[in-house]
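What follows is one structure encoded as structure tokens, with my remarks underneath.
Here the structure is a predicted model, which is why all the values come from computation and not from measurement.
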Amino acid sequence: MSDQEQAELRLQLARLKQEHADYDVAIGAMMQTGCDALRIQRMKKKKLVLKDKISQLEDGTLPDIIA
């Protein structure tokens with residue numbers, strides 16, 4: 001993997017982590033204001049999808065270590 005590709009992956013990973021953190025803050029605010037439970041569940045599901053994407057990218061950037 002070239003340096004350019006690694007830099008792009010790190011940038012995408014940083015964006016996804018920031019978006020995940022933003023969802024966390026938004027969900028907390030929604031829970032404090034007593035927002036509709038269905039909306040909160042949808043936000044949590046989107047946050048979980050982001051977490052899965054982050055995990056996939058992290059797995060792709062780390063080299064395989066054979067033990």
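For Glu8, the side chain to side chain donor-acceptor pair (under 3.5 Å) partners are Gln4, not counting sequence neighbours. Gln32 pairs by the side chain to side chain donor-acceptor pair (under 3.5 Å) definition with nothing, not counting sequence neighbours. Scanning for side chain to side chain contact (heavy atoms under 4.5 Å, CB included) contacts around Arg42 gives Leu38, with sequence neighbours left out. Taking the side chain to side chain contact (heavy atoms under 4.5 Å, CB included) definition, one finds that Met31 meets it with Ile27, Ile40, sequence neighbours left out.
Residue pairs meeting the side-chain hydrogen bond (donor to acceptor under 3.5 Å, both in side chains) criterion with at least one member in residues 13-24, sequence neighbours excluded, are Lys17-Glu58, Gln18-Asp22, Asp24-Lys47.
With rounding to the nearest 0.5 angstrom, the CZ atom of Arg10 is 12.5 Å from the CG atom of Leu57. Taking CD of Gln12 as the reference point, atom CD1 of Ile54 lies at 10.0 Å (rounded to 0.5 Å). How far CG of Leu11 is from CG of Leu16: 10.0 Å, rounded to the nearest 0.5 Å.
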TODO: Check step by step if side-chain contact (heavy atoms from CB on, under 4.5 Å) holds for Leu9 and Gln6.
DONE: CA-CA 5 Å; Leu9 280 176; Gln6 287 181 354; 5.7 Å; no
